[in-house]
Enquirer: 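Submitted below is the structure of interest, expressed as structure tokens.
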Amino acid sequence: MNRYIGIDLGTSSVKVMLVDENGAILGSESAKYPLSFPHPGWSEQNPEDWWNATKECLTKLFALHDPSAVKGIGVGGQMHGLVVLDEADRVIRPAILWNDGRTEKEVEYLNQVIGKDKISAYTANIAFAGFTAPKILWMKANEPKNYSRIRKVMLPKDYINYCLTGVHACDYSDASGMLLLDVENRCWSKPMLELCGLSESVMPKLVESFESIGSVSEHCSKEFGLPTSVVVAGGAGDNAAAAVGTGVVGEGGCNISLGTSGTVFISSEKFKVDPNNALHAFAHADGGYHLMGCMLSAASCNQWFYEQILKTTDYKGIWDGIQDERLGENRVFFLPYLMGERSPINDVNARGTFVGLSMDCSREDMAQAVMEGVAFAIRDSFEVAWSLGIKVQRSFICGGGARSELWRKILANVLGITLVLPKSEEGPGMGGAMLAMVASKAYPTVSACVDALCCENGVVTPDAQLTAKYEERYQVFRKIYPTMKNLFKEMTR
């Protein structure tokens, strides 16, 4: 039976999966790589570390499985990261990642001087600190020598695809988050390239996520034992790839991802824009479009609180102390803005904050507040979607945080909707493999592949009484950030 490789290029590690055309996972390997914070609010990685980790996984995988049956490879990767190559395709500097907050001045220039209306007209989005274009402007202002050496601008998963094929390509879903793409017309935005001082020649060619960009190179064929006929798909940004992997395609599908970051992903067959640009308007990996809300710190808030503050990895031990009768009754609130925030507030100065502490407050109260704070922040994005008349009654949920039964229950009741667990929780990796199947003609369309492979694995339904309690708590939560917004800015001076 034909086999496919799905690669999930995350922020802290890469996971490489081998699946058959029925979606059965035959094997998987993962490898970590370092994350650098050279200054407060900065976040960088070395692209070569991604490729070395990917090679490690492929080598281990093919030590146990025959690579000759592989027909296609697809990558789902962390979005927005700025990868710049010189004329010899060498990495010029460490990649500036999606959760990097150094570009406040550049974002203000784009949104206030050029104007949000113009930027939105060019790209269907406004500038956010994590997007790629502001990073290019930062590099131009602060690293002019490195900027002058740029001959190719890429995204993280595109660098892996380049290492596999030697081809510079980018799919529409990932390109949507660069603030360099005319999303509606699926082409590079000439006005935005001019603002960044770039020619179209430095940009990778644009493809659909399910299109082939080429085959593996002779070098990779020899190194891993892969046939040179192995097709490499355009791939997708991690959220679009995860949406494919869980079955969120076509009109009106929804997926919530509780990973390092948190996202709300609403798919659509037609192009739509939130007039206030609180949600991103991006292309989808199925050839359509989607609206997306993204918060920078989701499951990472738990990791921070438990491991850095409480100095424990016993997550379950803490969760066991949060009984059902405590839900909806917590008087402690948490703003989950540990890296600033994107959707819907777009504020690099926002910070994580506990509010409502008292002498009788326990670690369980604070742990519960962290989980509820993330859920409330996700609801903020749903509020925008609801204001546009988009009625979401149910949503898939994936990511590491989705493995917590407690967190799923909190989120279902904060949102008041049914949450659906996908059969596969592999997210971007499975989505990447499915895109590879379509690129290699195992399935005619992404929708056909989803229909064949994706199914549900349980649901979480809200309780009316608990939903009402959380409604009251949310109405308090949504007042905290506006109250503290100006103070956050003073604190970061």
Side-chain angles (χ1 to χ4, degrees), residues 1-10 13-31 33 48-77 89 156-169 171 207-236 241 244-245 285 423-446 448-450 452-454:
M1 182 177 288
N2 294 334
R3 299 178 179 185
Y4 303 87
I5 294 291
I7 300 175
D8 177 4
L9 185 72
S13 64
V14 64
K15 185 173 185 178
V16 180
M17 300 165 42
L18 179 69
V19 304
D20 65 24
E21 60 192 44
N22 294 321
I25 300 172
L26 307 177
S28 67
E29 298 289 342
S30 63
Y33 30 72
E48 293 169 352
D49 289 340
W50 302 331
W51 177 234
N52 288 333
T54 302
K55 289 196 297 182
E56 177 185 335
C57 291
L58 289 170
T59 300
K60 289 181 178 178
L61 201 59
F62 294 140
L64 301 173
H65 301 275
D66 181 9
S68 66
V70 174
K71 298 297 181 183
I73 300 174
V75 188
D89 285 338
K157 68 104 173 57
D158 301 328
Y159 182 74
I160 299 301
N161 279 347
Y162 164 75
C163 292
L164 288 167
T165 65
V167 176
H168 303 105
D171 80 292
V207 298
E208 293 286 0
S209 301
F210 50 84
E211 284 187 87
S212 167
I213 65 167
S215 301
V216 294
S217 65
E218 291 280 356
H219 176 77
C220 285
S221 174
K222 292 178 181 178
E223 184 167 5
F224 305 117
L226 290 164
T228 54
S229 59
V230 172
V231 168
V232 178
V244 171
K423 180 181 178 181
S424 171
E425 297 184 11
E426 299 299 334
M430 180 59 72
M434 292 167 67
L435 292 170
M437 294 178 195
V438 180
S440 57
K441 309 304 182 183
Y443 292 93
T445 64
V446 176
C449 188
V450 164
L453 303 187
C454 295

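Numbering starts at 1 and runs along the sequence shown. Computed over heavy atoms, backbone and side chain alike; hydrogens, waters and symmetry mates excluded.
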Enquirer: Taking C-beta and beyond as the side chain, do Val14 and Trp50 meet within less than 4.5 Å on heavy atoms?
Expert: no

Enquirer: Before you tell me yes or no, could you show the steps for Asp171 and Glu208 under side chain to side chain contact (heavy atoms under 4.5 Å, CB included), namely the whole-Å CA-CA distance, both residues' side-chain angles and the distance that decides it to 0.1 Å?
Expert: CA-CA 5 Å; Asp171 80 292; Glu208 293 286 0; over 6 Å; no

Enquirer: Between atom CD1 of Ile160 and atom CG of Leu9, what is the distance when rounded to the nearest 0.5 Å?
Expert: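 With rounding to 0.5 Å, CD1 (Ile160) is 5.0 Å from CG (Leu9).
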
Enquirer: Measuring from atom OG of Ser209 to atom NZ of Lys157, what distance do you get when rounded to the nearest 0.5 angstrom?
Expert: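 Those atoms lie 7.0 Å apart.
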
Enquirer: Taking all non-hydrogen atoms of both residues into account, name the closest pair between Gly23 and Met430 and its distance.
Expert: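 Taking every non-hydrogen atom into account, O-CE, 3.5 Å.
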
Enquirer: Test Val70 against Leu18 for side chain to side chain contact (heavy atoms under 4.5 Å, CB included), laying out the working first.
Expert: CA-CA 9 Å; Val70 174; Leu18 179 69; 4.0 Å; yes

Enquirer: Look up atom OG in Ser212 and atom CG in Leu435, then write down how far apart they are to the nearest 0.5 Å.
Expert: 12.5 Å

Enquirer: State which residues pass salt bridge (Lys or Arg N to Asp or Glu O under 4.0 Å) with Glu56; sequence neighbours excluded, sorted by chain then number.
Expert: Lys60

Enquirer: Measuring from atom CD1 of Ile73 to atom OG of Ser215, what distance do you get when rounded to the nearest 0.5 angstrom?
Expert: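 Going from CD1 on Ile73 over to OG on Ser215, the span is 9.5 Å.
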
Enquirer: Less than 4.5 Å apart, side chain to side chain, heavy atoms only: is that true for Leu26 and Val19?
Expert: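 A side-chain contact under 4.5 Å is absent here.
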
Enquirer: Which heavy atom of Gly10 sits nearest to which heavy atom of Tyr33, and what is that distance?
Expert: O-OH, 2.6 Å

Enquirer: Considering all heavy atoms of both residues, which atom of Cys57 and which atom of Ala31 are nearest to each other, and what is their separation?
Expert: SG-N, 3.6 Å

Enquirer: NZ of Lys71 to CD1 of Ile5: how many Å apart, nearest 0.5 Å?
Expert: 13.5 Å

Enquirer: So, for Met437 and Asp20, which heavy atoms are closest and what is the spacing to 0.1 Å?
Expert: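 Scanning both residues, the minimum pair turns out to be CE-O, 3.3 Å.
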
Enquirer: Please round to the nearest 0.5 Å and tell me the distance separating atom CE of Met17 and atom CD1 of Ile7.
Expert: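 Rounded to the nearest 0.5 Å, the CE-CD1 separation comes out at 11.0 Å.
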
Enquirer: Do Asp89 and His168 have a side chain donor and acceptor closer than 3.5 Å?
Expert: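 Yes, because at least one side-chain N or O of Asp89 sits under 3.5 Å from a partner of the opposite role on His168.
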
Enquirer: After noting the C-alpha distance and the side-chain angles of Lys55 and Cys163, does the key distance pass the side chain to side chain contact (heavy atoms under 4.5 Å, CB included) rule?
Expert: CA-CA 10 Å; Lys55 289 196 297 182; Cys163 292; over 6 Å; no

Enquirer: For a quick test of reading the model, state the closest non-hydrogen atom pair linking Val438 to Pro444 and the distance between them.
Expert: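 So the two residues come closest at CG1-O, 4.2 Å.
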
Enquirer: Ser440 and Tyr4: which non-hydrogen atoms are nearest, and at how many Å?
Expert: OG-CE2, 3.0 Å

Enquirer: Would you mind telling me which of Leu164, Asp158, Val231, Asn161 makes a side chain to side chain contact (heavy atoms under 4.5 Å, CB included) with Ile213?
Expert: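 In the set Leu164, Asp158, Val231, Asn161, the residue that makes a side chain to side chain contact (heavy atoms under 4.5 Å, CB included) with Ile213 is Asn161.
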
Enquirer: Does Lys423 have more than 12 heavy atoms from other residues, nucleotides or ligands lying within 6.0 Å of its NZ?
Expert: no

Enquirer: Could you walk me through whether Glu21 and Arg3 pass the side chain to side chain contact (heavy atoms under 4.5 Å, CB included) test, one step at a time?
Expert: CA-CA 6 Å; Glu21 60 192 44; Arg3 299 178 179 185; over 6 Å; no

Enquirer: For residues 218-225, which side-chain donor-acceptor pairs fall under 3.5 Å, sequence neighbours excluded?
Expert:
residue : atom : partner : partner atom : Å
His219  : NE2  : Glu223  : OE1          : 3.3
Ser221  : OG   : Leu226  : O            : 2.6

